[in-house]
Colleague: 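Quick one: this structure, given as structure tokens, is what I'll be asking you about.
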Amino acid sequence: MRRFFDPRQRDHAPARELHNGGFTAYAETPARVDAMLAAIGPTEMPDDHGEAPILAVHTAAYVAFLKTAPALWAAAGRPGDAIPYAFPVIGRRPLKLDRIDALMGQHSFDATTPITPDSWAAAYASAQSAVAATAAVLAGEATAFALCRPPGHHAGADYCGGYCHLNTAAIAAQVARDGGVDRVAILDIDYHHGNGTQDIFYDRADVFYASVHADPASDYPFFWGHADERGAGEGEGTTLNLPLPHGTTLPAFRAAQTTALDAITAFDPGLLVVSFGADTWVGDPISRFALETPDYAVLAADIAARGWPTVIVMEGGYAVDALGHNVAAFLSGFGGGSA
């Protein structure tokens with residue numbers, strides 16, 4: 001299995017995030033990269049496909065915001081990383097706002113996703129890893145892995161959040177569509193619902209989004225991922241949410257994933273994108289499922305058995321000491337990685 005990673009993805013290193021009412025050390029640390037690389041072995045540097053694949057998913061105004069926010073923050077005399085604090089909860093009015101505080105709220109939905117001077121370059125490199133893995137599968141590889149860091153599935157077309165700046169799974173899916181694949185499916189098996197991915201494809205019939213995740217009645221991101229969200233307009237029926245309770249172990253998770261895979265089979269995609277998060281592991285510090293390391297090979301083998309060309313993009317997983325082993329176990333189910 002070909003695996004892609006760009007060292008610039010390490011450079012995004014916020015000092016802190018706002019979590020549960022107070023500032024705490026940033027959980028999506030660059031140490032996650034080293035743990036994964038140590039476990040999965042050599043990776044390839046992705047080719048640079050430019051901004052076009054990013055702009056096929058994200059708005060030009062949002063991309064410009066990610067590039068300029070740190071300088072605007074510093075110009076306003078603010079110390080540290082740029083962190084939003086004012087959010088337009090009722091609705092985002094289409095105003096031309098220049099003050100950095102307003103821009104941060106306009107393009108964010110939480111305060112856990114700081115923007116540093118290195119965030120754009122790291123997110124850009126993460127997106128290029130996803131594009132490269134997709135290109136490899138389009139060229140004939142059965143499966144390819146993009147070590148995406150920062151992760152992506154919480155980022156919408158014009159907003160960041162949940163440690164995510166660019167939606168790598170959505171970018172991969174759109175690259176596949178633009179590459180001639182008529183129907184693309186996304187299977188999201190991170191602990192948290194991929195609200196950004198759902199938003200991007202919610203009214204489209206050509207991309208099926210299925211997610212197995214913690215019940216948003218009790219877990220972040222709260223306002224997305226409920227079972228009655230099924231898509232809208234032409235996309236009615238192409239969204240499937242399968243929320244699960246705290247303490248979920250392999251049998252229940254596997255059953256939900258099988259439900260998702262059966263629905264994807266009915267959709268008949270030409271390519272599958274897997275948003276894989278290892279924060280479903282029993283010891284993850286910010287999550288409350290109870291999967292064990294060997295379980296990931298089982299889940300991956302179930303996916304691989306369906307036979308779709310598959311792009312795997314990395315999402316969450318915050319127990320750094322176990323993260324690499326969990327990722328390697330998942331890749332082993334596709335015949336790649338080394339535990």
Side-chain angles (χ1 to χ4, degrees), residues 19-20 27-28 57 87 89 92 108-113 148 150-170 172-173 184-204 207-233 235-249 252-264 267 272-281 284 286-291 299 303 313-318:
H19 180 69
N20 288 346
E28 203 280 291
V57 166
F87 304 96
V89 246
R92 292 182 292 172
S108 309
F109 75 94
D110 66 19
T112 68
T113 312
C148 292
H153 71 156
H154 293 304
D158 64 348
Y159 63 78
C160 60
Y163 309 140
C164 303
H165 301 83
L166 295 176
N167 194 309
T168 49
V184 177
I186 301 171
L187 174 65
D188 192 328
I189 49 173
D190 184 275
Y191 178 81
H192 304 95
H193 178 258
N195 57 288
T197 313
Q198 175 173 296
D199 276 357
I200 288 166
F201 297 114
Y202 201 63
D203 59 356
R204 286 175 52 173
V207 178
F208 189 96
Y209 176 70
S211 179
V212 181
H213 54 271
D215 191 339
S218 60
D219 282 82
Y220 181 98
F222 305 112
F223 306 105
W224 298 264
H226 299 268
D228 62 350
E229 298 162 21
R230 302 187 62 255
E236 176 71 30
T238 59
T239 293
L240 175 64
N241 287 310
L242 298 164
L244 297 171
H246 291 167
T248 290
T249 56
F253 195 99
R254 190 181 188 189
Q257 180 179 274
T258 298
T259 298
L261 292 172
D262 289 346
I264 291 170
F267 181 73
L272 177 70
V273 177
V274 178
S275 275
F276 170 63
D279 47 0
T280 50
W281 184 65
D284 194 272
I286 66 172
S287 305
R288 298 177 69 180
F289 281 175
L291 297 187
L299 294 171
I303 300 168
V313 298
M314 191 66 210
E315 300 288 358
Y318 307 100

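All of these numbers come straight from a predicted model, not from anything done at the bench.
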Colleague: Identify the heavy atoms of Val57 and Ala157 that sit nearest to each other, and give their distance.
Modeller: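 Here Val57 and Ala157 meet closest at O-CB, 3.5 Å.
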Colleague: Is a side-chain donor or acceptor of Thr239 paired with a backbone partner of Glu229 at a separation under 3.5 angstrom?
Modeller: no
Colleague: Asp190 and Ser275: side-chain hydrogen bond (donor to acceptor under 3.5 Å, both in side chains), yes or no, with the steps?
Modeller: CA-CA 7 Å; Asp190 184 275; Ser275 275; over 6 Å; no
Colleague: Of all heavy-atom pairs between Asp110 and Gly162, which one has the smallest distance, and what is that distance?
Modeller: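 Closest pair (atom of Asp110, atom of Gly162, distance): OD2-N, 2.8 Å.
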Colleague: Are any non-hydrogen side-chain atoms of Val274 and Asp188 less than 4.5 angstrom apart?
Modeller: no
Colleague: Taking side-chain contact (heavy atoms from CB on, under 4.5 Å) as the definition, give me every residue that meets it alongside Asp203, ordered by chain and number, with sequence neighbours left out.
Modeller: none
Colleague: Could you check Thr113, Asn195, Thr112 and say which one makes a side-chain contact (heavy atoms from CB on, under 4.5 Å) with His154?
Modeller: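 One option only clears the test, and that one is Asn195.
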Colleague: How about Pro221 and Phe223: do any of their side-chain heavy atoms sit closer than 4.5 Å?
Modeller: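 SC-SC contact between Pro221 and Phe223 ruled out.
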Colleague: Are any non-hydrogen side-chain atoms of Thr249 and Phe253 less than 4.5 angstrom apart?
Modeller: no
Colleague: His153 and Cys164: which non-hydrogen atoms are nearest, and at how many Å?
Modeller: N-SG, 3.6 Å
Colleague: Evaluate the criterion side chain to side chain contact (heavy atoms under 4.5 Å, CB included) for residue pair Tyr202 and Trp224; output intermediate values, then yes/no.
Modeller: CA-CA 11 Å; Tyr202 201 63; Trp224 298 264; over 6 Å; no
Colleague: Would you say the side chains of Gln198 and Asn241 form a donor-acceptor pair under 3.5 Å?
Modeller: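 On atom types as modelled, these side chains qualify, holding a pair under 3.5 Å.
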Colleague: Considering residues at least two apart in sequence or located in another chain, which fulfil the salt bridge (charged side-chain N to carboxylate O under 4.0 Å, His left out) criterion with Glu28?
Modeller: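 Salt bridge (charged side-chain N to carboxylate O under 4.0 Å, His left out) list for Glu28, sorted by chain: Arg32, Arg149.
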Colleague: Going by the side chain to side chain donor-acceptor pair (under 3.5 Å) test, name the single residue among Asp284, Thr280, Asp219 that passes it with Tyr191.
Modeller: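 Exactly one pass, corresponding to Asp219.
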Colleague: Considering non-hydrogen atoms only, spot the tightest contact between Ala169 and Val313 and give its length.
Modeller: CB-CG2, 3.9 Å
Colleague: For a 4.5 angstrom cut-off between non-hydrogen side-chain atoms, does Glu315 reach Cys148?
Modeller: no
Colleague: Taking His226 for its side chain and Phe222 for its backbone only, find out whether a donor-acceptor pair lies under 3.5 Å.
Modeller: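 Side chain of His226 to backbone of Phe222, a donor-acceptor pair under 3.5 Å: yes, one is there.
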Colleague: Using side chain to side chain contact (heavy atoms under 4.5 Å, CB included), reason through Leu244 and Asp215 one step at a time and then give a plain yes or no.
Modeller: CA-CA 5 Å; Leu244 297 171; Asp215 191 339; over 6 Å; no
Colleague: Are Trp281 and Phe289 packed together at the side-chain level, in the sense that at least one heavy-atom pair is separated by less than 4.5 angstrom?
Modeller: no
Colleague: Looking at every non-hydrogen atom in both residues, tell me the closest pair between Ile200 and Ala170 and how far apart they are.
Modeller: CD1-CB, 3.8 Å
Colleague: Would you mind reporting whether Phe208 and Leu240 have side-chain heavy atoms less than 4.5 Å apart?
Modeller: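 They are in side-chain contact.
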Colleague: Would you please indicate if the ring centroids of Tyr159 and Phe109 are separated by under 6.0 Å?
Modeller: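 Here the rings of Phe109 and Tyr159 have centres that are less than 6.0 Å from each other.
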Colleague: For a quick test of reading the model, state the closest non-hydrogen atom pair linking Gly247 to Ala290 and the distance between them.
Modeller: O-CB, 4.0 Å
Colleague: Under 4.5 Å between any side-chain heavy atoms of His213 and Pro243, yes or no?
Modeller: yes
Colleague: Checking side chain to side chain contact (heavy atoms under 4.5 Å, CB included) for the pair Ile303/Gln257: CA distance, chi angles, key distance, verdict?
Modeller: CA-CA 9 Å; Ile303 300 168; Gln257 180 179 274; 3.7 Å; yes
Colleague: Could you check whether Tyr220 and His193 have their ring centres less than 6.0 Å apart?
Modeller: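 Judged by ring-centre distance (under 6.0 Å), His193 and Tyr220 do not meet the cut-off.
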Colleague: Would Thr238 and Arg204 count as a side chain to side chain contact (heavy atoms under 4.5 Å, CB included) here? Give the steps.
Modeller: CA-CA 8 Å; Thr238 59; Arg204 286 175 52 173; over 6 Å; no
Colleague: Report yes if some heavy atom in the side chain of Ile189 is under 4.5 Å from a heavy atom in the side chain of Phe276; otherwise report no.
Modeller: yes
Colleague: Between Thr259 and Ala255, is there a donor-acceptor pair closer than 3.5 Å when you use the side chain of the first and the backbone of the second?
Modeller: yes
